[in-house]
2 protein chains.
Amino acid sequence: MANLKQLAQSLGLSITTVSRALDGYSDVSAATRQRVQEAADKAGYRPNASARRLRKQRAELVAVTLPSEPGHIGPLHFLDMLSGCAEHLAGAGLNLVIAPVPHGESELDMCRRFVDGRRVDAMLLVRTKRHDERVEFLQSRGFPFVTNGRTESAIQHPYIDGDGFSGFHAATLRFHRDGHRRIAHVGGPQEYFFAHARRQGWEAAMRECGLATDLDLQQAPTEQGGYEAALALLARSDRPTAIVCATDEMAIGVLRALREVDGGLSISVIGHDDLPIGAFTSPALSTMRMTGGNLGRSFASLLLRTIAGEPAETLQELHAIEFVDRDSHRLPPVAA
Amino acid sequence: MANLKQLAQSLGLSITTVSRALDGYSDVSAATRQRVQEAADKAGYRPNASARRLRKQRAELVAVTLPSEPGHIGPLHFLDMLSGCAEHLAGAGLNLVIAPVPHGESELDMCRRFVDGRRVDAMLLVRTKRHDERVEFLQSRGFPFVTNGRTESAIQHPYIDGDGFSGFHAATLRFHRDGHRRIAHVGGPQEYFFAHARRQGWEAAMRECGLATDLDLQQAPTEQGGYEAALALLARSDRPTAIVCATDEMAIGVLRALREVDGGLSISVIGHDDLPIGAFTSPALSTMRMTGGNLGRSFASLLLRTIAGEPAETLQELHAIEFVDRDSHRLPPVAA
DNA sequence: CTTGACTCCCAAAACGTTTTGGATGATTTT
DNA sequence: AAAATCATCCAAAACGTTTTGGGAGTCAAG
């Protein structure tokens, strides 16, 4: 309704003075500033966002690309993270737009639209691949971005990631200490960095223990994927006595398979992510999670700092993984 | 990098002609249009979003407010819906920004910021209350919005909602037909329309069956809330033999309480929402869900149509509820 | 030869803000 | 008394696009 021009006119002042009064510049008298402030409050004046964005050459927006596998939109804990991120970005005047990949368009095309159209000031990339074309594109444009998950890019970039290698390494060693000798790995597609790192951690531990690494399956990182992998494992003559799962969703699918085939928890299982729902499955799911507190806040902070021009090397967070011990990992190795 | 001015200069044309060529106006020759199109493609030209927004007086943005209860950000199936909505909005050139309520600000303040700053063209409201101040504000401003869930507002507004009354009415009658006589209701806060409507459905059915309506508890619509309500019910001497839960999350909490107290499914349970995880709980959760297909697409369509000025009365969708029968509702009434 | 219609193009205005580079008096310093 | 400083204000430019309201030039009809 009210814009700067009308406000200035009603006050008998210039647009410049009103603008600078509201922005708290020192070259407007205290009396005038107060008069302007009161009039602005009364009129409910808010600067037009589009106009300010054009003038300041900032979109005041950050986009997060959502990988849209049919019917399944990334890990379920995403929304909590995004919400936290959006809240902290808002504190700096930025809003978060969610950008699922439209039908018939690639994630790369979408990045191009957002970057070249100056629709956003930075991008947040999730589900990074080891070789990620989005990362390469943004780097070639010199456009600010932060990833959730590392890549194998030669050039450094800001990221937040959990140390999946160490986590899965430790989990596997722990199963070994508990007496397990046939420890399977149910992983996700290896082009994803997180899936690869976790598998590498499992594999390294197995080698250190002198165990074979043939109990290893890859599936879609969903309940269904875990379910199918578990069915395949249960059909083998050399069944595992423990299963390390790349994600909680896969682990939940594994638990379901165990129930259907063996009627209950016949094999130790551990997942990763600490989905809230894990506490409510039967048996309650043992899992791992990234340390480091409020993830959304961290992403927001990294985004702001990369927009501000801080070098990538100072914007990389690798968080340790901790165990969340519940009931699904305690089975003795002879149970099968 | 490239803007209209540079593009025009390199082509020896005016800004106007280049703009109109790219927009497909008929007053530019086919030859020129093609020449312009090729140059634009080659330069990777995309119109500056802020500039277009200012000129066209449209923000090309829609905001969805996320209620941020501590640690729990609305139903878990929100993200799927939002993703679908964002994807369809993108088809019309609109992006979806997620707007969690910042610390120390009310949802109303946030609406005000978005509306008066012309940051968005419409708003999507979730978790509506029976008397919702956000709705009242937007109505007073004549600002386009769509709600997920009805309100008791005197003025019509666009919404999408499930017929929770009928769903809970039918579910309660079904339990009665199966022989249950002590049917409890575990509901959410009654200021929310959905929670109230579902409770009303249960209550109406109980009255029709001549049953008392004292087995009725309200809690936060979370696993924890359901868990606590169930503990209270299980401690009573006149335990229920069936429980109707306002949400799947509450139902999952109820199942956990049953496991802990009785060691398994001792009471029939049904939830609402059809969370994907429901298929993986033990026992698999019987539930209800809204019919009507792709919810996100429907929201996008309603948003676009309300922006276009269609009257509210033609933009209201009330969808039937259908049962999703799994294993948690099949217990005979004498089991307790 | 004039008129009107048609095709193709363009200069300038407009959107609402922020910022630049002074301008105007009043006050202090030299 | 002149010069410098200070406090307060403002006109105009700029951001990059879309849209308005024509302006040339060409061609056919009168």
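Only heavy atoms go into these numbers, but all of them, side chains included; no hydrogens, no water, no symmetry mates. In this text, all values refer to a predicted model and were calculated from it rather than measured experimentally. Numbered from 1 within each chain, the chains take letters A, B, ... in sequence-line order.
Residue Y45(B) contributes atom OH, which lies 8 Å from atom C1' of dG16(D) at whole-angstrom precision. Residue L4(A) contributes atom CG, which lies 19 Å from atom P of dC15(D) at whole-angstrom precision. Taking atom CZ of R53(B) as the reference point, atom P of dT19(D) lies 16 Å away to the nearest angstrom. Per the geometry, NZ belonging to K56(B) stands 13 Å off P belonging to dT17(D), to the nearest Å. Spacing between atom CG of L7(A) and atom P of dT17(C) amounts to 9 Å, rounded to whole angstrom units. As rounded to whole Å, 19 Å separates atom P of dC15(D) from atom CZ of R52(B). Going from atom NZ of K5(A) over to atom C1' of dA12(D) covers 14 Å, rounded to whole Å. Taking atom CD on E60(B) and atom P on dT17(D), their separation rounds to 13 Å, with Å as the unit.
For the residue pair T17(A) and S14(A), a side-chain donor N or O sits within less than 3.5 Å of a side-chain acceptor on the partner. H88(A) and S301(A) share no donor-acceptor pair across their side chains, judged by distance under 3.5 Å alone.
The stretch residues 22-33 of chain B comes close to DNA chain D through Y25(B), each having a heavy atom under 4.0 Å from the strand.
Among V146(B), L302(B), L295(B), the single residue meeting the side-chain contact (heavy atoms from CB on, under 4.5 Å) criterion with E317(B) is L302(B).
Taking for each of Q57(B) and V18(B) the nucleotide of DNA chain C with the nearest heavy atom, the 5'-most of the two is the partner of V18(B).
Within 4.0 Å of L13(B), counting heavy atoms only, lie sugar-phosphate atoms of the nucleic acid but no base atom.
At a threshold of 4.5 Å between non-hydrogen side-chain atoms, the residues R134(B) and T147(B) do not count as touching.
Residue R141(B) holds its CZ atom at 10.5 Å from SG of C111(B), rounded to the nearest 0.5 Å. If you take CG on L11(B) and CZ on R35(B), they are separated by 5.5 Å, rounding to the nearest 0.5 Å.
Judged by distance alone, with hydrogens and angles left aside, R55(A) brings no side-chain donor or acceptor close enough to the base of dT17(C) to form a pair under 3.5 Å.
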